[in-house]
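Accompanying notes for the structure given below.
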Amino acid sequence: MSVRRRVRLAARMKQRSPWQRTHTCGELTIADKDQQVVLNGWIENHRHHGQIVFLDLRDRYGVTQVVVDQEAGDQQSGMAAGTFELVRRLGAEDVISVRGRVRPRGEGNVNKNRSTGEIELLVQSVTVLSEAETPPFEILDKAEANEELRMQYRYLDLRRRPLQEAMLKRARFVTAIRNFLQQHRFIDIETPILTKSTPEGARDYLVPSRVHGGKFYALPQSPQIFKQLCMVAGLDRYYQIARCFRDEDLRADRQPEFTQIDLEMSFVEEHDVLDIVEAMVVHGMRDGFGIELPQPFPRFDYFEAMDKYGCDKPDLRFDMQLIDCTALAATSDFKVFAGAVQAGGIVKGLCASGAAEKFSRKGIDELTAFVNGFGAKGLAWAKVTDKGLEGSIAKFYDGDKGKQLGAHMAAKPGDLLLFVADQKKVVHKALGELRLKVGGLLGLRDPKVFRCCWVLNFPMFEWNEDKARWQFAHNPFSAPVDWDVQDFGKDTEQIKSRAYDFVMNGWELGSGSIRIHRRELQARVFEFLGITPEQQRANFGFLLDAYKYGGPPHGGIALGVDRIVALALGREGIRDVIAFPKTAMAFDLMAEAPSEVSAEQMAELQILSTVKKPG
RNA sequence: GGGGACGUAGCUCAAUUGGUUAGAGUACCGGACUGUCGAUCCGGUGGUUGCGGGUUCGAUUCCCGUCGUCCUCGCCA
């Protein structure tokens with residue numbers, strides 16, 4: 001035993017009660033042979049063999065086999081009287097303290113699947129710290145119980161190794177991010193949780209005010225305005241691991257409360273933010289998860305991403321870009337192609353390399369049904385062979401025409417070509433989704449591979465069909481690319497904002513922008529969107545006021561922690577990486593929240609419920 | 001708000017066109033067993049088929065409603 005180890009052990013022994021552990025269940029090895037130790041933990045499994053009993057003792061650090069051997073125990077380690085009878089009664093999830101001697105396992109008894117597999121603890125005495133009822137589901141590495149039950153007993157689900165791993169790695173990731181930002185002069189600043197409701201964006205969670213009867217705080221959808229005010233304050237570089245709240249319908253990748261890495265910087269342009277965030281993400285992924293990201297992250301203009309990938313969050317784990325065939329199609333004998341072009345539409349195609357054999361006629365029918373779901377009226381296809389094209393469009397593309405099309409698509413024999421002809425929006429949506437679908441079917445979306453990119457210069461506004469008006473595409477504070485734009489009503493859809501998204505493997509993980517920092521421009525943007533000066537004053541007055549007193553140019557970003565962790569760990573949804581998640585109905589099955597409150601509490605807050613109670 | 005899937009023993013699932021006493025694995029309880037490690041072998045307990053209503057001689061099965069979970073579209077500046 002090394003001196004350092006001896007000193008550490010001595011320190012451990014000094015202050016502890018007799019039942020307290022000297023070691024964890026994950027650290028004892030052959031090097032600890034013959035030591036007297038105490039372990040604390042949960043009984044994961046027990047195997048009775050008449051005169052010998054094996055217990056697997058688990059804690060967060062690992063599992064150690066404990067042996068209760070009546071004969072050997074008496075002779076070799078002086079097992080306390082009654083221990084064997086006590087151990088016989090123990091069961092799964094009982095919490096115990098075990099004192100014993102570390103013993104190498106016999107020849108052929110080594111368990112190679114565990115770090116502690118070369119040794120076992122020969123018991124001298126056992127203390128029951130807490131007895132456990134039979135749990136509602138077994139604590140196994142593999143989740144066999146359904147999610148409803150797991151969420152109801154979340155503290156048991158969290159005993160499982162995959163969940164503990166997620167919590168641990170999430171914490172490591174966040175710590176790495178904090179360290180990085182601290183080193184780069186960012187200041188961790190807390191912003192209010194009780195704040196002000198704003199009309200735009202998601203629905204707010206509201207909190208009634210007792211002191212101000214009839215008035216409500218809102219929980220923040222993000223710290224957006226406060227972080228910008230930090231810039232006005234001259235704090236220069238802000239960050240926060242911030243909880244955000246949005247009262248919208250949920251999905252596998254959405255929770256009513258979620259966590260963002262929120263940051264903002266003064267006197268910066270896009271590349272300053274992108275460069276530092278890129279370095280931060282690389283650092284966090286490396287230190288948190290041991291994942292090395294290829295750099296630099298490609299940077300796409302929004303329209304370039306749409307043209308090449310059909311969406312604004314391209315999955316770059318595979319290429320298979322959308323290829324524009326409009327010019328070729330315009331003169332085609334194939335009426336679907338020529339007709340689409342005449343109607344002002346476009347024709348684009350995918351070349352699925354080597355996929356011709358992998359898709360039968362039926363398989364292609366399924367792809368056709370798939371694109372139908374996104375508004376495409378059909379899917380034109382062809383398999384490339386040595387002799388030319390085969391498939392639905394082959395007869396229109398025989399001989400030289402076929403060669404020309406094949407060359408345009410950079411196709412080689414064995415490839416599968418897929419085309420959609422329609423209005424641009426439909427083509428991009430359908431082919432963009434088809435690209436992901438086919439990429440997935442061809443095994444090109446490896447969950448262990450990570451590819452990031454940036455998408456820049458999003459449109460500033462988008463048309464809302466339902467409300468028949470323009471609305472913010474990103475957020476109301478994003479600056480236009482052209483500072484001097486005078487009339488937002490002219491060529492509105494062409495106006496670009498200085499907004500950018502961070503994308504990994506087809507997931508939007510972060511979103512930010514260079515902000516408007518001048519009152520006049522901000523007011524004009526609000527005005528264009530039909531927000532009256534009165535509404536501006538009521539909702540954003542303090543921000544507009546702040547700009548009166550010298551707002552620096554600034555920009556920032558917010559990254560979704562839950563999504564990054566879920567992606568890095570290859571989990572299906574973010575519930576798996578949140579300690580205490582809510583259901584798709586925003587209900588906490590464990591705490592049973594939300595819940596009714598007493599009439600007295602309601603009265604004190606001066607609120608009434610309009611819900612009709614049964615009976 | 002719309003669409004879809006699911007709900008049977010503590011857990012995971014099965015149960016023929018609607019037909020006898022609703023089964024299996026696992027967990028749990030009891031027994032055997034000194035080298036297991038998802039121990040094994042023998043035996044046993046365990047069910048308001050989510051809840052309410054309907055159709056039927058008869059409903060786990062069909063119909064309506066309701067509750068819950070998941071997925072998805074809308075929504076999420």
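Keep in mind that what you see is a predicted model, and the values were worked out from it rather than measured. The chains referred to below are lettered A, B, ... by the order of the sequence lines, with proteins before strands, and numbering in each begins at 1.
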_Between C75(B) and U17(B), how far apart are the two C1' atoms, rounded to whole Å?_
44 Å
*Starting at the 5' end of RNA chain B and moving along, which residue's nearest nucleotide shows up first, V67(A) or A145(A)?*
A145(A)
*asked:* If you compare every side-chain N and O of N146(A) against the phosphate oxygens of U12(B) (OP1, OP2), does one of them come in below 4.0 Å?
replied: yes
*What nucleic acid atoms does L140(A) come within less than 4.0 Å of, heavy atoms only: base, sugar-phosphate, or nothing?*
nothing
*Donor-acceptor pair under 3.5 Å: do we get one between R105(A)'s side chain and the base of C37(B)?*
yes
*Select one nucleotide: of C70(B), G35(B), G10(B), the one nearest the side-chain heavy atoms of E138(A).*
G10(B)
*Hey, is R243(A) close enough to E257(A) for a salt bridge, meaning N to O under 4.0 Å?*
yes
_Any side-chain donor near an acceptor of the partner, S97(A) and R99(A), under 3.5 Å_ = no
*Pairwise P distance for A77(B) and U60(B), with rounding to whole Å*: 48 Å
*asked:* Rounded to whole Å, how long is the line connecting atom CD1 of I139(A) with atom P of C28(B)?
replied: 12 Å
*Could you measure between the two P atoms, the one in U61(B) and the one in A14(B), and give it in whole Å?*
15 Å
*Rounding to the closest angstrom, what is the interatomic distance between G4(B) and U66(B) at atom P?*
14 Å
*P atom, U48(B) versus G10(B): distance in rounded Å?*
7 Å
*Considering only atom P, compute the distance from A59(B) to G54(B) and round it to an integer number of Å.*
12 Å
*Applying a 3.5 Å limit to both distances, which nucleotide forms a Watson-Crick or G-U wobble pair with C70(B)?*
G4(B)
*Please report, rounded to the nearest Å, how far the P atom of G38(B) is from the NE2 atom of H49(A).*
11 Å
*Does any donor atom in the side chain of T191(A) or Q240(A) lie under 3.5 Å from an acceptor atom in the other side chain?*
yes
*Once you round it to whole Å, what is the distance between C1' of C33(B) and CG of D69(A)?*
14 Å
*For U49(B), the Watson-Crick or wobble partner whose two distances fall under 3.5 Å*: none
_Treating primed atoms plus P, OP1 and OP2 as sugar-phosphate and everything else as base, which nucleotides of nucleotides 71-77 of chain B get B, S or - for protein heavy atoms under 4.0 Å?_
SSBBBBB
*asked:* Of the listed nucleotides (G35(B), C11(B), C37(B)), which one gets closest to any side-chain atom of D56(A)?
replied: C37(B)
*Could you please name the partner base of U17(B), counting Watson-Crick and G-U wobble pairs only when both distances are under 3.5 Å?*
none
*D247(A) CG to G1(B) P: how many Å, rounded?*
12 Å
*asked:* In whole Å, I'd like the distance from the CZ atom of F54(A) to the C1' atom of U40(B).
replied: 13 Å
*Cationic N near anionic O, under 4.0 Å, E138(A) to R160(A)*: no
*asked:* Could you tell me how far apart N111(A) (CG) and U36(B) (P) are, to the nearest whole angstrom?
replied: 12 Å
_For S478(A) and S513(A), which I'm curious about, is there any donor-acceptor pair between the side chains at under 3.5 Å?_
yes
*Would you mind telling me which residue lines up with the more 5' stretch of RNA chain B, R47(A) or M585(A), judged by nearest nucleotide?*
R47(A)
*Does U26(B) pair with anything, Watson-Crick or G-U wobble, both distances under 3.5 Å, and if so, with which nucleotide?*
G10(B)
_Give me the distance, rounded to whole Å, that separates C63(B) from U55(B) when you measure between the P atoms they each carry._
16 Å
*Over how many whole Å does the gap from L149(A) atom CG to A27(B) atom P extend?*
17 Å
_Euclidean distance for P, U8(B) against C51(B) (whole angstrom)_ = 10 Å
*Classify the nucleic acid contact of E120(A) as base, sugar-phosphate or nothing, counting any heavy atom under 4.0 Å across all strands shown.*
base
*May I ask you to check whether E148(A) and Q152(A) show a side-chain donor-acceptor distance below 3.5 Å?*
no
_Who pairs with U60(B) - Watson-Crick or G-U, where each distance is under 3.5 Å_ = none
*CD of E148(A) versus P of C11(B): gap in Å, rounded?*
10 Å
_Backbone N/O of A202(A) and side chain of Q221(A): donor-acceptor pair under 3.5 Å_ = yes
*Please confirm whether the backbone N or O of C25(A) pairs with a side-chain atom of R58(A), one donor and one acceptor, at under 3.5 Å?*
no
_Heavy atoms from C-beta onward define the side chain here; which of G35(B), C11(B), C37(B) lies closest to that of I52(A)?_
G35(B)
*asked:* My understanding is that a pair needs two contacts under 3.5 Å, Watson-Crick or G-U wobble. By that rule, which nucleotide pairs with U40(B)?
replied: A32(B)
_Regarding Y238(A) and D262(A), do their side chains bring together a donor and an acceptor under 3.5 Å, going by distance alone?_
yes
_Check this one for me: any side-chain N or O of T134(A) less than 4.0 Å away from OP1 or OP2 of A27(B)?_
no
*Please indicate whether R60(A) has more than 12 foreign heavy atoms, meaning atoms of other residues, nucleotides or ligands, lying under 6.0 Å from its CZ.*
no
